[in-house]
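Structure first, then comments.
Index from 1, following the sequence. Any value given below was found using the heavy atoms of this structure, including those in side chains, with hydrogens, waters and symmetry copies removed.
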Amino acid sequence: MGPSTGGRTRFSGMQKQVLSMYRGFLRAARSKSPEDRRQIESFVSAEFRRNSKQVDRKNFIYIEYLLRRGKKQLEQLSSPDTVGLSSMNATFSETENPKN
């Protein structure tokens with residue numbers, strides 16, 4: 001911690017985007033019923049934690065993909081008609097190349 005940071009951690013632009021999205025999901029969850037809110041908060045926390053452990057921090061393309069996907073999910077969750085989130089179980093290998 002240097003004197004120029006004032007004791008704060010400096011985040012990259014992408015880290016700021018991820019944290020902002022996380023906060024956005026928690027904000028959107030507040031507008032749902034208490035039961036749905038707990039379920040959403042639990043799901044979001046688990047997904048972010050899982051991705052933080054499984055995704056290589058230098059794999060910017062995959063992180064950008066996750067951010068785009070999360071943005072769409074957040075827009076859907078923010079809709080008053082949406083009750084909760086569901087998960088699609090898709091696994092993408094970071095080393096696998098698609099066959100043309």
remark   = Heavy-atom nearest pair, L77 first then K32, reads O-NZ, 3.0 Å
query = Does L67 share a hydrophobic cluster with V44, counting links as ILVMFWY side-chain heavy atoms below 4.5 Å and allowing steps through other members?
reply = yes
Heavy-atom closest pair, residues I63 and V55 = CG1-CG1, 3.8 Å
request  = Apply salt bridge (charged side-chain N to carboxylate O under 4.0 Å, His left out) to the pair E47 and R50, showing each step before the final yes or no.
outcome  = CA-CA 5 Å; E47 281 295 299; R50 182 181 62 80; 2.9 Å; yes
query = Where the side chain of S20 meets the backbone of Q17, is there a donor-acceptor pair that is under 3.5 Å apart?
reply = no
ask   = Any sub-3.5 Å donor-acceptor pair from S78's side-chain atoms to L74's backbone N or O?
value = yes
query = Quick one: OG on S31 to CZ on R37, what's the gap to the nearest 0.5 Å?
reply = 9.5 Å
message = Treating S42 as the side-chain partner and Q39 as the backbone partner, does any N or O pair qualify as donor plus acceptor under 3.5 Å?
response = no
key: M14 with Y62, same ILVMFWY side-chain cluster at under 4.5 Å   = yes
request  = Can you measure from CZ (R68) to CG (L66) and round to the nearest 0.5 angstrom?
outcome  = 9.0 Å
query = If you measure from CG on D36 to CD on E41, what distance do you get to the nearest 0.5 Å?
reply = 11.0 Å
message = Test of understanding: clusters of I, L, V, M, F, W, Y form through side-chain heavy atoms closer than 4.5 Å, transitively. Do Y65 and F60 belong to the same one?
response = yes
query = Any chain of hydrophobic side-chain contacts (each under 4.5 Å) joining L19 to M21?
reply = no
ask   = By ring-ring contact (aromatic ring centres under 6.0 Å, His included), which residues pair with Y22, not counting sequence neighbours?
value = F48
